Amino acid sequence: MRKRMAGSKMVWFPKQRWVVTLVALAIGGVAGCGSPVAEFRPNVGFQLKTEAEAEAQLTSGQQENIATILEGLFGTPDDPQIPEVPGVEMAQLLDETALKMAGGAVAVDEDGRTVGLYRQHCAHCHGITGDGMGPTAEFLNPYPRDYRMGIFKFKSTPKNSRPTREDLHRILHEGVPGTAMPSFRVLPEDQKESLVQYVIYLSMRGEMERLLVPEALGVGELGIEGDQLFLDMSKKATDNEVFVERSVYIQEQLATIGNRWLNAQSDEVPAPPENWGSEESLARGRQLFFGKGACSGCHGNFGLGDGNTTFDPEKPFLDDWTKENWPVLKGEEAARQAPIRAAAGILEKRALRPRNLRLGVYRGGRRPIDLYYRLRHGIEGTPMPGLEISTGDDPKKLTSGDVWSILDYIRNLPFESLSQPHEELRNLKRERL
Ligand code: HEC
Ligand code: HEC
């Protein structure tokens, strides 16, 4: 059993302790257990987008059914569960003790350990569901990460791969500089580990939900028709075949989701070339920034993040999360969805800017290796592309040495004079005339 921590915040005022206890009892009396039951919210943005694509709408029965299935697999915010997946070493991914430490309401357990760490430290930004829609979110730019797509920006793995656990640990340790994401380096290691696991847990749950919605709308892999429930418990006895088929589908998808996390591996980073850090390498990097690397189109001729391609108001840069929440809709569907979107509290649409590289603030970390990963693999979920590299045979492609040279140039930008356009820029202007 957990003791509620509502009162312990007031411990500094011993005389008032009894008041707090009384208040807690009074609330408990009304609400049943001291606070409103925390719930996982449905992914309304994804649902609306899929409904528009499917030209169909989820019935309330189908919505409930999806919630029930997800609860069966992952439990509730107060009682998180690890789904059992045959053939997948879920124990290597998620550990029940860790999950219980991060999940649930903020409290102190029998052994005096604080539990409910996610709600204590993260939920006000990232939301109980990990949808990035906590109460603080609307005031922040960039918005807090929505984990439900399984997409993370600052990682050591190639595109379309999950981050490694170490990547998530690094984010917790360092925070994301230049954004509201704070560093949690003061937390003990076991607490950070439990939070990392909880992020993975919420992300897996979110991904599973994203598979069930299109299935129920008839645009998924199984091609289910009509207003059927995905798993109709009442038909388990009479229509066992369908029931088994769909249960197997869930297991298979869960296995894929789980394995993606289990198999995430940092990409190998080739050693920098010998002349790395030299004037020569810097000059090469500068050339590539404007030339083959094609960075200036977005980051601008001065690296200020104001490239030509960012000024078209018709085509703002949007990240994947915004694109999902704000799909382009036709008149009638737009009118139907607008109030639903507003009621669900979907965050306002915002354009994304390429980074101002003159500031020298790198969200994904400023170690050369962090920046190498950024340039090599881009920033997933955003228009920032990665660089194709070859061993040198293909003149159109860059070599890993070139990537290191661009990195030399990037790291020099905060110190480079703005008032004197360098050679490359002058040539570029002449070409345009
Ligand atoms: C004050 C708000 C705030 C709090 C509190 C907060 N975060 Fe964040 N978090 C953010 C923002 C904002 C971003 C997005 C940064 C970006 O996109 O550049 C983010 C991003 C992340 C990411 C994604 C990094 C990536 O590579 O994409 C993870 C993981 C994360 N936070 C975990 C946590 C955890 C775990 C906690 C609690 C221990 C937490 N955050 C607390 C605001 C917050
Ligand atoms: C299509 C537009 C586009 C191109 C081309 C592009 N970038 Fe970016 N870049 C972005 C955007 C957008 C961001 C911000 C993404 C975010 O953090 O959400 C970004 C972020 C960055 C960052 C910040 C990383 C961090 O950790 O904060 C660096 C460094 C960077 N870009 C370098 C480059 C270099 C070098 C090139 C060329 C090889 C390049 N970019 C090409 C759009 C672009």
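Note that ligands are numbered from 1 as they come in the structure, with each ligand's atoms numbered from 1 the same way. Everything numeric in this text was worked out from a predicted model, so none of it was measured.
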Side chain, backbone, both or neither: the part of Asp370 lying under 4.0 Å from ligand 2 by heavy atom: neither
Cys298 near atom 8 (Fe) of ligand 2: N/O/S under 2.8 Å: no
Heavy-atom pair with the smallest gap, counting every atom of Leu387 and Gly293: CD2-O, 4.1 Å
Under 4.0 Å to a heavy atom of Ala294 - the qualifying atoms of ligand 2, by number: 5 (C)
Proximal candidate to atom 12 (C) of ligand 1 [heavy atom criterion; set Cys122, Ala123, Pro142]: Pro142
Where ligand 2 meets Arg374 - atom numbers and elements under 4.0 angstrom, heavy-atom basis: 24 (C), 26 (O)
Proximity to ligand 1 by part of Leu172, non-hydrogen separation under 4.0 Å: side chain
Distance-only donor-acceptor check, side chains Thr164 and Asp167, under 3.5 Å: yes
Numbering as shown, the atoms of ligand 2 that approach Leu352 to under 4.0 Å (heavy-atom distance): 12 (C), 18 (O)
Minimum-distance protein heavy atom relative to atom 26 (O) of ligand 2: Gly364 N, 2.8 Å
Taking atom 32 (C) of ligand 1 as the reference point, the nearest protein heavy atom with its distance: Tyr147 OH, 3.2 Å
Backbone of Val199 reached by a side-chain donor or acceptor of Ser203 within 3.5 Å: no
Under 3.5 Å side-chain donor-acceptor pair for His121 and Gln191: no
Flag if over 12 foreign heavy atoms under 6.0 Å of CD, Glu39: no
Point-to-point distance, once rounded to the nearest 0.5 Å, from CG of Asp146 to CG of Asp131: 6.0 Å
At atom 8 (Fe) of ligand 2: angle between His299 atom NE2 and Met384 atom SD, to 10 degrees: 180°
Donor-acceptor pair between Tyr143 and Glu138 side chains, under 3.5 angstrom: no
Region of Tyr118 engaging ligand 1 - heavy atom pairs below 4.0 Å: neither
Check against side-chain contact (heavy atoms from CB on, under 4.5 Å), Phe152 and Met149: CA-CA 9 Å; Phe152 293 82; Met149 263 199 254; over 6 Å; no
Whether Thr136 lies under 4.0 Å from ligand 1, heavy atom: no
Subset of ligand 2 atoms that lie under 4.0 Å from at least one heavy atom of Gly293: 37 (C), 38 (C)
Minimum non-hydrogen distance to atom 14 (C) of ligand 2, winning option of Glu380, Arg376, Lys292, Arg355: Arg355
Close approach of Pro383 to ligand 2, heavy atoms, under 4.0 angstrom: yes
Residue Leu387 vicinity, atoms of ligand 2 by number, heavy atom under 4.0 Å: 38 (C)
Closest protein heavy atom (residue, atom, distance) for atom 24 (C) of ligand 1: Ile171 CD1, 3.8 Å
Shortest protein heavy-atom distance from atom 29 (C) of ligand 1, along with the residue and atom involved: Leu168 CD2, 3.8 Å
Over 12 foreign heavy atoms within 6.0 Å of CD, Gln265: no
Residue, atom name and distance, where the atom is the protein heavy atom closest to atom 10 (C) of ligand 1: Met181 CB, 3.3 Å
Distance-only donor-acceptor check, side chains Thr382 and Asp319, under 3.5 Å: no
Steps toward side-chain contact (heavy atoms from CB on, under 4.5 Å) verdict (Leu262, Val88): CA-CA 9 Å; Leu262 279 168; Val88 182; 3.6 Å; yes
Sub-4.0 Å heavy-atom contact, Tyr143 with ligand 1: yes
Side chain, backbone, both or neither: the part of Val196 lying under 4.0 Å from ligand 1 by heavy atom: neither
Closest protein heavy atom (residue, atom, distance) for atom 1 (C) of ligand 1: Cys125 SG, 2.7 Å
Nitrogen or oxygen of Phe154 less than 3.5 angstrom from that of ligand 1: yes
Ring centroid separation Phe184 to His173 under 6.0 Å: no
Residue part near ligand 1, for Phe152, under 4.0 Å between non-hydrogen atoms: both
Close approach, His124 and ligand 1, non-hydrogen under 4.0 angstrom: yes
Nearest neighbour in protein (non-hydrogen) for atom 28 (C) of ligand 2: Leu357 CD2, 3.5 Å
For the student: nearest non-hydrogen atoms of Arg185 and Ser183, plus distance: N-OG, 3.2 Å
Shortest protein heavy-atom distance from atom 34 (C) of ligand 2, along with the residue and atom involved: Cys295 SG, 3.4 Å
Polar contact flag for His126 and ligand 1 (N/O pairs, less than 3.5 Å): yes
Evaluation steps, side-chain contact (heavy atoms from CB on, under 4.5 Å), between Arg336 and Glu51: CA-CA 11 Å; Arg336 177 186 83 86; Glu51 283 181 345; 2.8 Å; yes
Verdict with reasoning, Lys49 to Val44, per side-chain contact (heavy atoms from CB on, under 4.5 Å): CA-CA 9 Å; Lys49 178 173 174 265; Val44 176; over 6 Å; no
Ligand 1 contact on Pro163 by region, counting heavy-atom pairs under 4.0 Å: neither
Sub-4.0 Å atoms of ligand 2 with respect to non-hydrogen atoms of Phe317: 1 (C), 2 (C)
Closest approach of any protein heavy atom to atom 11 (C) of ligand 1, naming residue and atom: Pro144 CA, 3.4 Å
Residue part near ligand 1, for Arg363, under 4.0 Å between non-hydrogen atoms: side chain
Numbered atoms and elements of ligand 2 in range of Ile406, under 4.0 angstrom, heavy atoms: 35 (C)
Region of Leu288 that comes within reach of ligand 2 [heavy atoms, distance under 4.0 Å]: neither
Expected output: side-chain Arg374 to main-chain Asp370 donor-acceptor under 3.5 Å: yes
Nearest protein heavy atom with distance in Å, relative to atom 5 (C) of ligand 1: His121 O, 3.2 Å
Any Arg353 heavy atom less than 4.0 Å from ligand 2: yes
Close N or O approach (Lys153, ligand 1; < 3.5 Å): yes
